[in-house]
Amino acid sequence: GELAPGHAEGSHPSGGADTRVEVALVQGVVLKGHVEDWKSHAAVPLAELTLSPSLRPAGPGGAFGGGRRGRTDLPTDERLTVNADTRGNFVVANLSPGSWNLDVQAPSYAPAHVRSVVVPRGDLTVSMVGSATIEGHVTREGKPAPGAQVTITGQGGEPVTVETGPEGGYSASVDPGTHHVAARLGDATGAVAGLVAITPAAGFVSPLAAVLIGFAASGVCYQALQLK
């Protein structure tokens with residue numbers, strides 16, 4: 001088998017002497033698995049899988065070092081990207097033994113995130129949930145608010161930001177779950193009171209995601225909406 005790519009981190013103080021950094025190369029391992037629909041268990045074809053180091057165990061020959069968990073700014077050459085085949089099967093070869101984060105994307109599905117996948121291991125099954133949509137409108141002083149920035153924040157995912165159209169409407173694809181919806185237009189802000197919940201079965205939320213924005217002194221309130 002081939003040796004897996006090795007990585008090491010080091011710091012070099014300004015004006016200091018030469019810094020010695022050792023990189024240990026180890027035998028590469030293989031991660032195999034399958035991507036499927038969470039409900040029907042049907043294969044999700046051609047899904048894109050991206051792996052990045054999550055934790056580097058200490059000790060001689062360790063392929064990973066400390067301080068990587070939760071990092072989102074890893075260099076491109078520390079990420080590996082492959083695609084599943086038409087039957088949803090995937091093979092990632094030449095991996096360094098250790099812990100990896102796995103992010104999976106496929107059309108019409110919410111991104112899937114699997115953290116701390118330790119290899120070598122047995123076959124891995126990744127279940128994906130159909131993407132959901134939150135749609136609504138933003139108003140200011142009773143009128144549509146075009147150009148407002150709507151930020152939708154779910155649990156554990158990256159915030160999604162969209163801009164309202166000429167009539168104040170917006171639409172965003174999000175992961176199923178609970179979301180906080182807020183809007184901003186200049187100095188005016190507003191938010192949906194509480195959380196907007198969307199389940200995999202629902203797939204779509206519309207009237208609950210209306211947002212009114214205004215200044216703190218406006219005192220406007222509408223249904224389950226809260227102004228700031």
Side-chain angles (χ1 to χ4, degrees), residues 30-55 68-74 79-92 95 99-119 121-138 149-164 169-183 191-211 224:
V30 175
L31 174 65
K32 298 180 180 180
H34 182 72
V35 184
E36 65 179 24
D37 183 279
W38 76 281
K39 188 174 183 180
S40 68
H41 301 294
V44 177
L46 306 178
E48 181 181 270
L49 301 94
T50 301
L51 290 103
S52 56
S54 63
L55 182 65
R68 289 293 189 179
R69 186 180 297 276
R71 286 278 299 276
T72 59
D73 58 343
L74 292 174
R79 302 175 187 271
L80 296 173
T81 300
V82 300
N83 285 92
D85 63 19
T86 55
R87 297 182 178 181
N89 298 318
F90 66 88
V91 177
V92 188
L95 283 174
S99 181
W100 295 79
N101 289 334
L102 175 62
D103 299 293
V104 187
Q105 296 185 347
S108 302
Y109 284 89
H113 310 285
V114 185
R115 296 294 174 252
S116 300
V117 178
V118 178
V119 293
R121 55 158 292 149
D123 287 2
L124 174 68
T125 298
V126 180
S127 297
M128 300 195 73
V129 177
S131 60
T133 299
I134 293 180
E135 185 177 83
H137 63 276
V138 179
Q149 297 294 312
V150 179
T151 301
I152 303 170
T153 306
Q155 296 178 330
E158 293 293 327
V160 175
T161 300
V162 295
E163 185 173 300
T164 56
Y170 68 91
S171 179
S173 296
V174 298
D175 295 356
T178 55
H179 302 269
H180 177 262
V181 182
V192 175
L195 297 174
V196 176
I198 182 167
T199 66
F204 188 84
V205 168
S206 179
L208 293 181
V211 183

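If you read the sequence from its start, that first residue is 1, and numbering goes on from there. This structure is a prediction, so every number in the text was calculated from the model and none was measured. Basis for what follows: all heavy atoms, side chains included, without hydrogens, waters or symmetry-related copies.
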**Q** Run the salt bridge (Lys or Arg N to Asp or Glu O under 4.0 Å) test against Asp103 and tell me which residues pass, sequence neighbours left out.
**A** Arg115

**Q** Would you say that Val174 contacts His179 through its side chain, given a criterion of any heavy-atom pair below 4.5 Å between the two side chains?
**A** yes

**Q** Could you walk me through whether Tyr109 and Val44 pass side-chain contact (heavy atoms from CB on, under 4.5 Å), step by step?
**A** CA-CA 9 Å; Tyr109 284 89; Val44 177; 3.9 Å; yes

**Q** Side chains of Leu102 and Val126: does their closest heavy-atom pair fall under 4.5 Å?
**A**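 Of all side-chain heavy-atom pairs linking Val126 with Leu102, at least one is under 4.5 Å.
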
**Q** Mind listing the closest non-hydrogen atom pair of Ala47 and Ala106 along with its distance?
**A**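 Closest pair (atom of Ala47, atom of Ala106, distance): CB-CB, 4.0 Å.
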
**Q** Going from CH2 on Trp100 to CG on Leu95, what distance comes out if it is rounded to the nearest 0.5 angstrom?
**A** 5.0 Å

**Q** Can you list the residues that meet the side chain to side chain contact (heavy atoms under 4.5 Å, CB included) rule with Val162, with sequence neighbours excluded?
**A**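 Per chain and number, Val162 pairs via side chain to side chain contact (heavy atoms under 4.5 Å, CB included) with Val150, Val160, Tyr170, Ala172.
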
**Q** How many angstroms lie between NE2 in His34 and NZ in Lys32, if you round to the nearest 0.5 Å?
**A**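 So the NE2 of His34 and the NZ of Lys32 are separated by 15.0 Å.
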
**Q** Go through the steps for Thr125 and Val35 under the test side-chain contact (heavy atoms from CB on, under 4.5 Å), then give the verdict.
**A** CA-CA 6 Å; Thr125 298; Val35 184; over 6 Å; no

**Q** Drop me the distance from Leu31's CG to Leu51's CG, to the nearest 0.5 angstrom.
**A** 6.5 Å

**Q** Would you indicate whether the side-chain heavy atoms of Val117 and Leu124 approach each other to under 4.5 Å?
**A**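 Leu124 reaches Val117 side chain to side chain.
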
**Q** Do side-chain atoms of Asn101 reach the backbone of Ser54 as a donor and acceptor pair under 3.5 angstrom?
**A**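 Checked: no pair found.
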
**Q** Rounded to the nearest 0.5 Å, how far does CD of Gln105 lie from OG1 of Thr81?
**A** 9.5 Å

**Q** So, using side chain to side chain contact (heavy atoms under 4.5 Å, CB included) as the criterion, who are the partners of Ser173 when residues are at least two apart?
**A** Thr133

**Q** To the nearest 0.5 Å, what is the distance between NE2 on His41 and OG on Ser127?
**A**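 Rounded to the nearest 0.5 Å, the NE2-OG separation comes to 7.0 Å.
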
**Q** Taking side chain as C-beta onward, heavy atoms only, is Val104 less than 4.5 Å from Glu48?
**A** no

**Q** How close do Ala110 and Met128 get, heavy atom to heavy atom, and via which atoms?
**A**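 Closest approach of Ala110 to Met128: O-CE, 3.4 Å.
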
**Q** Taking side chain as C-beta onward, heavy atoms only, is Thr86 less than 4.5 Å from Leu46?
**A**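 Side chain of Thr86 against side chain of Leu46, heavy atoms only: contact under 4.5 Å found.
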
**Q** Distance from Asp37 atom CG to Ser108 atom OG, nearest 0.5 Å?
**A**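 Reported value, rounded in 0.5 Å steps: 11.0 Å.
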
